[in-house]
Amino acid sequence: MGEKNEAILPPKEFMRRMPWIRSVDEYERLYRESIKNPEKFWGKQAEALDWFKKWDKVLDETNPPFYKWFVNGELNICHNCVDRWAEIQPEKLAIIWQGEPDEDVRTFTYDGLKQQVNRFAHTLKRFGVEKGDRVALYLPMIPELPIAMLACAKIGAIHTVIVGGISAEAVKIRIQDAEAKMLVTANGYYRAGKIKDSLEIAKEAIKDCHSVETVIVVKRIDKETHLPCCAECQKPVYSWWEQEMEFYDYDFPVECAPERMSADDISFLLYTSGSTGKPKGVVHTTGGYLVYVNTTMWYIFDIRDNDVFWCTADIGWITGHSYVVYGPLSCGATVFMYEGVPTYPEPDRYWELIEKYKISIFYTAPTVIRDLIQQGTEWTQKRDLSCLRLLGSVGEPIDSKSWLWYFENVGKKRCSLVDTYWQTETGGILLTTLPGVHSMKPGSTGFPFFGVVPEIIKHKESDEECNEPDLRRSQCSVGEMGKLMFSRPWPGMLKGLWKDPERFSKTYWHKFEKYLSGDGAVEDEDGYFWVTGRIDDLINVSGHLLSTAETEGALISHQYVTEAAVVGKPHKIKGNELYAFVVLGKEVDMDKEFQIVLVKHVREKLGPIYTIREIKFTEKLPKTKSGKIMRRVLRKIAAGEKNITELGDLSTLADESAIQNLLKE
Ligand code: WTA
């Protein structure tokens with residue numbers, strides 16, 4: 001919990017009051033109703049969408065953890081996000097896109113977006129993509145990405161967006177696991193003044209992906225690009241996006257009927273780090289997912305007709321799926337999308353864009369805020385930010401100092417600030433305050449959203465070292481940190497892990513009928529939740545979850561490394577950095593140069609987001625008597641702890657000399 005535990009009253013001056021809820025009492029009443037009768041509550045929320053066929057039952061809980069929402073209901077996500085709005089408000093802007101170069105601006109009305117989506121939906125069909133087939137989208141932040149996602153949704157194909165910044169090998173693993181039939185990529189993109197390549201990585205990645213029949217390439221960069229022709233490689237067939245989209249005459253509208261999808265059909269897969277190495281293909285549904293993101297969008301972002309909504313997340317992460325694409329578009333809102341980084345060409349790029357496009361709701365991550373604080377407050381003062389009315393934060397715990405800076409310098413104390421806690425697996429926001437309703441405590445994620453029942457269960461640090469931690473422990477008392485769990489299903493929750501139901505049950509449910517988040521949390525005396533960060537083997541670096549197991553695997557794959565343990569070391573801007581303890585086998589010099597070799601080796605294997613900042617060579621790793629690496633001890637050593645009595649319970653340590661050595665250096 002932050003030092004500041006006083007609540008800040010919700011600013012009312014600029015916050016147009018929510019039509020949905022006007023007071024804490026109303027929130028509490030509706031919350032109680034949503035828990036007492038979830039079927040009634042969610043049935044009502046689902047009415048905000050267009051259904052081809054109404055559900056027979058809102059929630060089927062007969063086979064936990066395989067819950068089913070809106071049983072036998074039929075709908076189409078693209079129809080709900082695009083087509084129905086193109087009927088009601090064809091001229092309203094759906095997407096405003098700003099490329100990194102100032103002159104690169106493109107806008108799409110709802111009708112214009114529908115045309116683009118329909119064209120690409122037909123392209124998918126022409127290349128043999130059918131309902132249920134997987135399409136991998138390895139695209140930068142350009143409009144073609146949401147267009148391709150929505151086109152998949154229209155014909156019932158399952159998209160899997162692959163985020164930039166990972167290696168060709170990591171892209172390959174994802175495409176192979178998903179058995180994607182098509183890959184969509186671009187010939188590059190702009191980032192901080194440089195042109196980055198995606199096509200070369202894509203080509204490298206699919207060498208061993210035999211499922212891929214077609215590669216469609218967007219010509220984002222005006223440069224000579226050579227697409228391999230069939231004669232060279234037989235399969236896959238390469239083609240330009242622009243060429244395929246011109247298949248139909250641009251003078252005529254193109255129609256494409258939305259596929260009738262069952263509510264429980266898969267809408268997309270999104271890969272996220274796993275604590276046991278291989279990334280997990282998180283599976284989301286059609287009905288439950290869309291109802292959940294749509295409902296959270298109305299209540300938490302209080303979205304209105306004139307809003308311009310900017311969520312700065314890359315669409316390759318879940319935040320981009322739910323709050324750049326599906327959430328705001330399902331509400332018929334105007335979305336702003338940006339290609340570049342926050343500090344290029346000047347440190348006020350974000351503030352400049354807010355001023356220029358009259359952004360009213362701005363949703364970003366603590367790592368961005370911390371970075372922008374470093375750039376100096378004068379940059380926010382140069383710009384007119386009076387168009388803002390609501391701010392949001394997501395991705396990692398926000399410290400109270402950064403929260404206050406954001407609230408005071410960006411929101412000018414006029415805007416509510418929602419700190420939203422959720423995960424790839426949860427589909428949408430689970431914990432938050434409601435803007436204009438709840439008082440805010442800087443650093444706290446507030447209260448459970450409707451239908452969400454958090455529980456904090458007692459946690460022992462040494463749990464991670466025994467095979468069967470006792471998860472049936474009792475609940476924590478107020479102020480006590482424990483494991484954050486959720487004891488009731490909600491519509492946005494993942495449907496499973498792709499091709500791996502066993503891992504799904506084991507990772508998230510264990511012997512419990514509760515969803516295990518992997519995070520630690522505390523509830524304070526006023527019922528506010530404070531999320532303290534990961535308590536499992538994942539490390540949050542700049543809001544991205546990285547896997548210790550995957551990083552250790554990459555280190556060990558080097559011929560001279562015999563053992564490795566990776567932990568997070570606290571960092572001022574990024575939250576955490578990767579810190580590795582490495583045991584070398586052969587006679588190699590444990591010097592700086594070899595550290596650089598290993599850092600490079602891991603980057604090549606996993607991609608630049610897996611950059612290890614510090615490596616400590618050691619002869620032994622501290623392990624329990626049963627052979628498990630004591631990562632909690634290594635975390636403390638990485639953070640600079642030198643005193644053995646401060647390292648926690650060492651009763652299960654097999655060989656004390658392993659620690660003595662690490663403390664000595
Ligand atoms: C962390 C991103 C504290 C948390 C939406 C979670 C947060 C992980 C917050 C999921 C927050 C996200 N306060 N921690 N407001 N939001 N987290 O899957 O550790 O990329 O488990 O989803 O981010 O990251 P993911």
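Just so you know, these numbers come straight off a predicted model, no measurement behind them. Order of appearance sets the numbers: ligands from 1, and atoms from 1 within every ligand.
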Name the residues in contact with ligand 1, where contact means a heavy atom under 4.0 Å away: which are they?
-> Ile318, Thr319, Val394, Gly395, Glu396, Pro397, Asp419, Thr420, Tyr421, Trp422, Gln423, Thr424, Thr445, Asp519, Val531, Arg534, Asn540, Leu545
What is the ring orientation for Tyr421 with Phe486, classed by angle as parallel under 30°, tilted 30 to 60°, or perpendicular over 60°?
-> parallel
Tyr292 and Trp490 aromatic ring geometry - parallel, tilted or perpendicular at 30°/60° bounds = tilted
Report yes or no: is the cationic atom of Lys441 (NZ for Lys, CZ for Arg) closer than 6.0 Å to the six-membered ring centre of Tyr528, at no more than 45° off its axis?
-> yes
Tyr138 and Arg174: CA distance, side-chain angles, deciding distance, side chain to side chain donor-acceptor pair (under 3.5 Å) verdict = CA-CA 11 Å; Tyr138 181 58; Arg174 285 157 175 75; over 6 Å; no
For residues 442-455, the side chain to side chain donor-acceptor pair (under 3.5 Å) pairs (sequence neighbours left out) are Glu455-Gln475, Glu455-Ser487, Glu455-Lys514
Kindly compute the distance separating OH (Tyr350) from CG (Asp371), expressed to the nearest 0.5 Å.
-> 9.5 Å
